[in-house]
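Heads up, the thing below is written out as structure tokens.
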2 protein chains.
Amino acid sequence: MPVTTRTLTGGPPPPLKSPARRRVLDAANALFYAEGIHAVGIDRIIAEAAVAKATFYHHFPSKDDLVCAYLQEQDSRIRRATALRDVAPEAHIMRLFEVIGEISCGPGFRGCAFVNAAAEYPDHAHPVRQVIAAHRRWFRDLLRELLVAARHPDAERTTAMLVLLRDGLVVGGDLDDPAQTRALVRAAVTRVLGEISPPADPCE
Amino acid sequence: MPVTTRTLTGGPPPPLKSPARRRVLDAANALFYAEGIHAVGIDRIIAEAAVAKATFYHHFPSKDDLVCAYLQEQDSRIRRATALRDVAPEAHIMRLFEVIGEISCGPGFRGCAFVNAAAEYPDHAHPVRQVIAAHRRWFRDLLRELLVAARHPDAERTTAMLVLLRDGLVVGGDLDDPAQTRALVRAAVTRVLGEISPPADPCE
DNA sequence: CGTAGGCTAGACAGATCTGTCTGTTAATGT
DNA sequence: ACATTAACAGACAGATCTGTCTAGCCTACG
């Protein structure tokens, strides 16, 4: 079952103004995230999206293609939500983690879409894994650039620790008490950054 | 599909010396962990275990019961692997995370069995989720006790941060470079513990 | 005007899933 | 010697899965 790589290479952007395609992606985002990927069949998705089966397979040659598209959409959502302009690097990092904290505690949060997907796709060579790897690479590189820009003395090591922190947050937000997890974000980030910028936030 | 709670309440311990049951559990441990739970059917397991279908359903009334038993076995394995006697609390904590680091980098590591299972069982009320919660409660309580025994000034907060660290490690060990992740363990733990006991380890 | 293509409805194939059931064999303990 | 029970083999039911295919509607554009 060779998976079409079109969605990965981002070749010819598939019809952008297709309502049916849009509905399918919306349904996939909601169902895959809420219930897991293997647990949601194509029939569920086309029913939720009110789309004919042939239409679905016209836009997504296989289920794996849809899964890749789903994760790529999550990826671009997060990139948009964390894009900041004209912000000092330290503040940018803190903001990054506050956004993660907010999302990780919002109603309906069910862990990180990428971590969850990885649990269902063990094969590192699988296209789904490559989308996941690309997202993590983006996040890690962003952190490193910010730390370097902030002239952090140990950017490389600290990048890795911030990634650890991120993964801990998204897991804990689902499996432990979300409120408690979220309350930890600021303190944990400042501790990892090495006691820089510990401005207590009275209004929280 | 009501799941039998026998495996949860640990009522009458099911036949302990049953080779067939043992083989089923071994197969479940290998297959569920390596490939995911929804991805492995009962037929695969009974084939791998060389057991008749009726025998399987005799020991495990439903697949969910087997999943619970699988996770409970993982739980007791980890408890055994981290049980230490006559060790100072700080050293115990460090040893705890070194074991996690070793496991998270060993060949065939595929993330945390509990985190992965949670990704496939979204419903917090599901028996599988309860086994997961029990394991996390155990780990968290153990950490807190050790920190209190070590007279750590901020045991509660530090417990939560160590849990974040643990989750970051098991996720990173699967999704990122295992060697790099493992090399971070000692430094991260000492940083979270607050610069206590930073004895450099020359032979590593 | 005509045609290409997005879309719909739904049957269909073939595999796989969980779980049930029948019936037989072997071991064990009283 | 007999009853109980574990374990065997494997057919079977019914649901669900991915993916294919036919046939036709409707709209937009050349």
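Every chain is numbered from 1 and lettered A, B, ... according to where its sequence line falls, protein lines coming before strand lines.
Of the listed nucleotides (C/dA9, D/dA7, C/dT18), C/dA9 has the atom at the smallest distance from the side chain of A/Ala52. With C/dT8, D/dT18, C/dT18 as the choices, the nucleotide that has an atom nearest any side-chain atom of B/Lys63 turns out to be C/dT18. For B/Ala54, the side-chain atoms get nearest to C/dC21 when compared with the rest of C/dC21, D/dG19, C/dT18. Of the candidate nucleotides C/dG19, D/dT18, D/dA7, D/dA7 has the atom nearest to the side chain of B/His59. In this structure, the nucleotide among D/dG10, D/dC8, C/dT8 sitting nearest to the side chain of B/Thr55 is D/dC8. Nearest to the side-chain atoms of B/Ala20 among the listed nucleotides D/dC8, C/dT20, D/dT18 stands D/dC8.
Atom CD1 of A/Ile46 and atom C1' of D/dT16 are 13 Å apart (whole Å). Taking atom CZ on B/Arg44 and atom P on D/dC17, their separation rounds to 19 Å, with Å as the unit. Note: CZ (A/Arg22) to P (C/dG6) measures 18 Å, nearest angstrom. Taking atom NZ of residue A/Lys53 and atom P of nucleotide D/dT22, one finds them 16 Å apart after rounding to whole Å. If you take CG of B/Asp64 and C1' of C/dC17, they are 13 Å apart, rounded to a whole angstrom. Taking atom NE2 of residue B/His38 and atom C1' of nucleotide C/dT16, one finds them 15 Å apart after rounding to whole Å. Residue A/Asp43 contributes atom CG, which lies 13 Å from atom C1' of C/dA9 at whole-angstrom precision. The nearest whole Å value for the distance from the CZ atom in A/Phe56 to the P atom in C/dG6 is 16 Å.
Under 3.5 Å, the side chains of B/Asp64 and B/His126 contain a donor-acceptor pair of N or O atoms.
For the pair A/His58 and C/dG6, the criterion of a side-chain N or O lying under 4.0 Å from OP1 or OP2 is met.
The pair B/Arg44-B/Glu35 counts as a salt bridge, with a side-chain nitrogen and a carboxylate oxygen less than 4.0 angstrom apart. Between B/Arg80 and B/Asp75 there is no salt bridge, since no side-chain nitrogen of the basic residue lies less than 4.0 Å from a carboxylate oxygen of the acidic one. Between A/Arg144 and A/Asp141, at least one side-chain N (NZ, or NE/NH1/NH2) sits under 4.0 Å from a carboxylate O, which counts as a salt bridge. Comment: B/Asp26 does not engage B/Arg21 in a salt bridge, judged by the lack of any side-chain N to carboxylate O separation of less than 4.0 angstrom.
Backbone-only engagement by B/Arg23 is indicated by non-hydrogen atom pairs under 4.0 Å involving sugar-phosphate atoms exclusively. Nucleic acid contact class of B/Ala50 (heavy atoms, under 4.0 Å, all strands): sugar-phosphate only.
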